[in-house]
Amino acid sequence: MTAKKTDARLSAKDKKRLASMNPEEIAELKELIEFLKENGIGEFDLERGDLKVRLKFAGAGPQVDPSHLSQLAQFAAAQHAAALQPAVVAHVHPVGAPAHPAAAASSAPETATAAAPIDDEAGLHIVKSPIVGTFYESPSPGSPAFVKPGDMVEVGQVLCIVEAMKLMNEIESDAAGEIVKRFVTSGQPVEYGQKLFAVRPR
Amino acid sequence: MTAKKTDARLSAKDKKRLASMNPEEIAELKELIEFLKENGIGEFDLERGDLKVRLKFAGAGPQVDPSHLSQLAQFAAAQHAAALQPAVVAHVHPVGAPAHPAAAASSAPETATAAAPIDDEAGLHIVKSPIVGTFYESPSPGSPAFVKPGDMVEVGQVLCIVEAMKLMNEIESDAAGEIVKRFVTSGQPVEYGQKLFAVRPR
Amino acid sequence: MFRKVLIANRGEIALRVICACKELGIRTVAVYSEADRNSLHVRFADEAICIGPPRSAESYLHVPAVISAAEIADVDAIHPGYGLLSENANFAEVCRASNIKFIGPPPEVTRLMGEKEKARMAMKKAKVPILPGSEGVIQSEGEALEWAKSVGYPVILKASAGGGGRGMRVIRSKDELPALFQAAQTEAANAFGNGDLYMEKFIEQPRHIEFQVLADQHGNVMSLGERECSIQRRHQKLIEEAPSLQVDGKMREEIGKTIRRCLEQIGYQNAGTIEFLMDEDGKLYFIEMNTRIQVEHPVTEMVTGLDLVKAQLRIAADEKLSDIVTEPVTIRGHAIECRVNAEHPEKFTPSAGRISVFNVPGGNGVRVDTAQYAEGFVPPYYDSLIAKLIVHGKDRSEAMARMQRSLEMFVVEGIHTTIPLHQRIFADAEFREGKFDTKFMERFFEREKARLTGLPD
Amino acid sequence: MFRKVLIANRGEIALRVICACKELGIRTVAVYSEADRNSLHVRFADEAICIGPPRSAESYLHVPAVISAAEIADVDAIHPGYGLLSENANFAEVCRASNIKFIGPPPEVTRLMGEKEKARMAMKKAKVPILPGSEGVIQSEGEALEWAKSVGYPVILKASAGGGGRGMRVIRSKDELPALFQAAQTEAANAFGNGDLYMEKFIEQPRHIEFQVLADQHGNVMSLGERECSIQRRHQKLIEEAPSLQVDGKMREEIGKTIRRCLEQIGYQNAGTIEFLMDEDGKLYFIEMNTRIQVEHPVTEMVTGLDLVKAQLRIAADEKLSDIVTEPVTIRGHAIECRVNAEHPEKFTPSAGRISVFNVPGGNGVRVDTAQYAEGFVPPYYDSLIAKLIVHGKDRSEAMARMQRSLEMFVVEGIHTTIPLHQRIFADAEFREGKFDTKFMERFFEREKARLTGLPD
């Protein structure tokens with residue numbers, strides 16, 4: 001099942017249409033993106049050098065690997081409809097424990113490796129859970145939290161505990177700076193690679 | 001399985017990339033997208049350097065309006081590679097009969113409605129078989145052919161016979177002009193919509 | 001055995017026949033309309049011939065096109081599948097005239113079974129129970145009362161000239177009869193210009209139960225047990241099962257014996273199905289015979305371990321039934337089929353278009369018959385069946401659990417399908433208990449509506 | 001029955017276990033590495049927990065991660081699938097210590113069967129035939145000659161300290177023995193600093209035949225017949241069948257009886273497989289026991305109509321075998337499985353990557369167990385099995401025809417698979433006749449090579 005490839009002949013008009021594209025107008029961009037979105041374009045590339053256009057409708061979309069995905073996300077609102085990917089890839093909901101933010105807040109895949117939303121976390125360092133377990137903010141019930149948003153932390157400073165197999169594992173900060181966000185609540189189960197804290201590096 | 005949607009934030013670089021299109025060009029791009037959409041194109045690539053075009057239909061052929069298809073054929077060569085499409089869609093090879101040109105010559109889909117390669121047949125009228133059967137060039141074995149390339153024909157003039165269920169069906173020309181090509185050989189089975197003759201209209 | 005067979009059909013049944021041919025070493029020829037150019041039956045056949053434009057009447061139903069294709073491809077036989085030309089006696093006759101074996105019964109038998117009254121008479125003669133009906137027109141109230149008494153209430157009055165419910169009355173007691181008789185007569189006279197009425201026994205809650213048979217060309221007939229097909233919407237089957245919970249071994253054997261006798265008398269050949277209505281007391285009444293393979297044949301295959309389409313081919317090639325079915329037929333476990341249609345699961349509007357995601361379930365006891373695929377297209381011209389999901393379990397309970405997990409894992413995107421409808425049915429208590437009849441779906445939709453509007457169930 | 005089960009595995013077997021759980025109404029928890037984020041076992045489980053990076057050692061094989069996941073998901077039991085942690089007695093012990101039911105035998109039994117010599121002794125004690133071997137070290141040529149005479153030639157000398165073929169010699173007659181004994185002793189001494197040798201009976205053309213068993217936690221054991229697994233490449237099974245053409249009903253029953261006695265003595269629990277070598281005379285010799293579900297379990301399911309994974313779950317939930325297998329086990333028809341690996345079909349190099357087209361075959365008698373799908377990705381970190389294609393027919397001949405048409409209709413694009421290799425094997429006369437042993441693939445490749453280079457076959 002190889003694809004047929006025939007030499008393309010472009011009419012003069014087509015050549016004109018696609019050839020000489022010159023700089024202008026930012027306002028048009030959003031409209032273009034809206035238009036792409038409306039039309040279910042999943043991918044759109046354009047290079048100027050010697051002009052390269054690539055266009056792909058979302059439905060025709062093969063799985064896009066994460067590195068592409070982040071590029072794509074920056075380029076335009078990617079409508080990512082890869083065939084059988086789970087809507088929520090991490091969905092840990094033990095009875096009695098609150099669902100973790102990714103599952104609770106949206107249906108966007110929360111991945112360990114995927115780029116974080118740029119608007120929230122640009123320039124922030126994310127501390128992730130190196131193990132599966134239960135998150136605790138403080139060394140023992142009732143005692144104060146190791147850290148809270150607004151605190152300044154050093155590299156190696158204990159931020160929290162993740163309990164796994166009855167062992168209390170102290171999670172240390174791998175960056176120095178200000179804690180700007182905690183992603184999980186005490187007692188909540190966390191999986192490998194799950195985001196715990198955002199740190200604004202000093 | 002909802003599609004992942006990431007907020008589109010354009011980096012300065014991306015803005016510049018897109019900004020290098022003027023409104024007119026964007027309008028043209030929109031027109032192109034409309035065109036692709038109408039024709040169910042799922043992917044479209046174009047490079048200028050040494051001109052490269054890649055085109056992929058979103059799904060099955062039937063949704064493509066034949067009239068647009070011929071336009072498209074002029075625009076670029078159709079690459080028709082939906083997942084499980086047969087490499088050879090028409091492959092009639094009864095024992096003892098020569099394979100018909102489409103199957104013998106290439107693996108290109110031979111469709112009743114698809115436009116013929118432009119370089120060969122631009123401006124030509126194609127007479128197609130209205131029925132399934134066996135093609136005969138002459139009224140009886142040994143007698144001369146109804147027509148041969150180079151002959152001028154009138155509308156309604158008998159071009160050949162297609163035998164179906166022991167009935168000899170005379171196929172008349174639906175165009176007046178010069179026979180420039182016969183696609184099949186006498187005694188060859190033909191399917192519905194198969195090309196029989198090319199006529200250069202007067 | 002045949003060297004080469006043309007399959008005069010499309011969709012999943014065309015592919016099903018191609019599979020059977022491949023397993024028997026027979027070359028296959030697909031025919032297709034322009035709308036089916038990218039179908040899997042075209043892809044997997046050894047040869048494929050375009051026979052016309054999308055409209056069935058000009059392609060799949062166009063006898064000269066099909067026969068011409070068979071001639072130029074030089075096939076020995078034609079398998080008609082179901083629907084389309086499969087019960088067209090004229091087509092079978094043209095095949096015979098063209099020296100092409102039609103894989104099915106001879107045209108005479110198809111014709112006999114196609115004429116409802118003749119078929120009833122043939123069955124009656126062979127002592128197959130048929131739904132009691134008056135012999136000809138009921139002339140008067142008095143005659144009606146007498147006839148109703150002889151078969152017992154309820155009975156139904158029907159207009160001899162008519163159809164579509166006009167002139168039709170269900171009568172549940174002798175007190176109601178006089179008034180309803182008058183009303184029906186007047187209505188029939190007004191509607192059809194003819195007030196003649198006849199009467200039939202009426203079954204309030206009929207089940208649709210059918211028996212699968214195979215008959216060779218040497219006079220041998222075999223009954224392969226029954227299928228339960230009561231889950232229907234507007235006379236379209238949605239879910240079929242084998243065996244029926246209502247049929248025990250003794251009944252299966254008795255009916256089987258009667259059917260065998262009857263079909264031997266008729267001279268039946270190849271695969272066929274005898275359809276019955278079952279009344280509330282478990283009595284069966286013949287309705288009609290289908291002289292072809294059925295959509296729902298896989299449930300019988302699952303519980304018997306046989307291959308009915310291969311059997312059809314071998315019978316048509318003049319093999320003896322005793323060489324095809326070499327061991328006594330036994331029923332193992334329970335099988336259920338769901339018809340997956342390209343339809344909106346609530347509004348039932350057809351849903352043609354491109355399939356973007358198509359993940360078929362697999363694993364233990366799961367069979368899928370389909371000609372669809374990811375990136376495939378469902379054309380708007382043909383019936384909406386895109387896949388049959390069949391499961392087999394050691395009992396009905398296991399089969400139901402298996403169906404539920406298979407429905408959950410059957411992912412189709414880009415078009416609507418009836419998968420969600422099946423999921424709702426399999427969650428229904430009445431369905432799960434096997435307490436249903438052909439009016440189940442009406443009640444099911446009413447229950448759903450009641451639940452939605454907050455009314456008591 | 002369990003409320004919630006964690007599946008400590010990936011790929012098709014994880015999905016297989018999820019299906020079984022769903023059919024039993026058990027909630028499922030998938031665990032996955034970062035490389036498997038988009039896998040179907042993640043998609044179809046009720047919950048899913050990422051337990052580590054792609055490398056197995058840091059995810060699927062990382063006991064603390066798996067146990068932590070089980071604890072935070074609050075499961076009752078863990079199903080280990082095959083491979084990975086399935087035969088890790090320590091893992092089973094940690095499960096026990098964590099109050100999580102390990103679905104498999106107790107760690108003591110796993111440990112016993114994991115130590116080859118102890119397992120042999122346990123089997124020998126229960127009168128299961130084992131491959132004759134010298135008791136301890138053979139001190140001299142004279143002793144070797146005597147022992148060889150007692151079991152008959154051929155025999156094999158092996159280095160007590162070694163492995164990998166060094167110090168190993170096959171001896172086919174007593175005349176050869178002295179020289180080969182010396183050579184083996186010298187080689188062993190040089191290689192391992194220890195010239196000790198022991199001897200075993202040698203089988204020139206062994207078949208690999210294994211028996212499937214189920215054992216409940218109440219002391220009941222059941223044998224479910226055998227599988228023929230001789231088609232192997234480098235000790236990796238490629239094709240498996242049930243039943244074996246070499247095992248008749250009498251033999252099946254006798255071996256079954258011996259196995260039952262043996263496993264009752266050992267206190268075996270859950271599903272397991274006893275592997276044998278069969279010599280040219282049809283005699284079986286125990287090699288080892290696998291204390292888990294096998295890759296090839298579906299062929300047994302197809303011919304027995306049972307569900308082995310559901311049986312595993314029910315046994316672990318303390319149900320009795322007599323409630324799980326309620327009817328006498330009978331073998332119906334013949335089943336064959338092809339392992340479809342993401343490998344080049346000639347060079348056997350692994351082929352990871354994106355699958356662009358994935359059309360699984362369906363229809364009568366065809367089962368596919370897979371966790372792959374169109375647009376899915378085969379990661380490079382794990383074993384290459386991407387699908388199991390299993391067919392069932394009324395006999396081996398029908399099963400082979402069905403496999404051939406199914407292989408033809410199994411379309412995978414974007415990566416290489418072993419589908420073409422299977423097609424070549426199914427076209428091989430020796431395979432078709434069922435005349436094979438574990439060296440079949442070596443001869444097969446030689447025959448192919450000979451054909452290609454134009455040498456006589």
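No hydrogens, no waters, no symmetry mates; every other heavy atom, side chains included, goes into these values. Chain A is the first sequence line, chain B the second, and so forth, proteins listed ahead of strands; every chain is numbered from 1.
- For a heavy-atom cut-off of 4.5 Å, chain D lies close to A/G133, A/T134 in residues 133-159 of chain A.
- With sequence neighbours left out, D/R339 forms a salt bridge (charged side-chain N to carboxylate O under 4.0 Å, His left out) with D/E240, D/E296.
- More than 12 heavy atoms of other shown residues, nucleotides or ligands fall within 6.0 angstrom of atom CZ in D/R424.
- Heavy-atom neighbours of D/F426 CZ from other residues, nucleotides or ligands within 6.0 Å: above the threshold of 12.
- Interface check for chain A: of the options D/I51, D/I67, D/V29, the most heavy-atom pairs under 4.5 Å are formed by D/I51.
- Applying the salt bridge (Lys or Arg N to Asp or Glu O under 4.0 Å) test to pairs two or more places apart or on separate chains, none has a residue in residues 376-387 of chain D.
- From A/E191, atom CD reaches atom CD of D/E34 across 9.5 Å, with rounding to the nearest 0.5 Å.
- For residues 163-180 of chain A, heavy-atom neighbours of chain D at less than 4.5 Å comprise A/A164, A/M165, A/K166, sorted by residue number.
- Residue contact with chain A, scored on non-hydrogen atoms closer than 4.5 Å, involves the side chain of D/V94 exclusively.
- Counting heavy atoms from C-beta on, the side chains of A/Y192 and D/H62 never come closer than 4.5 Å.
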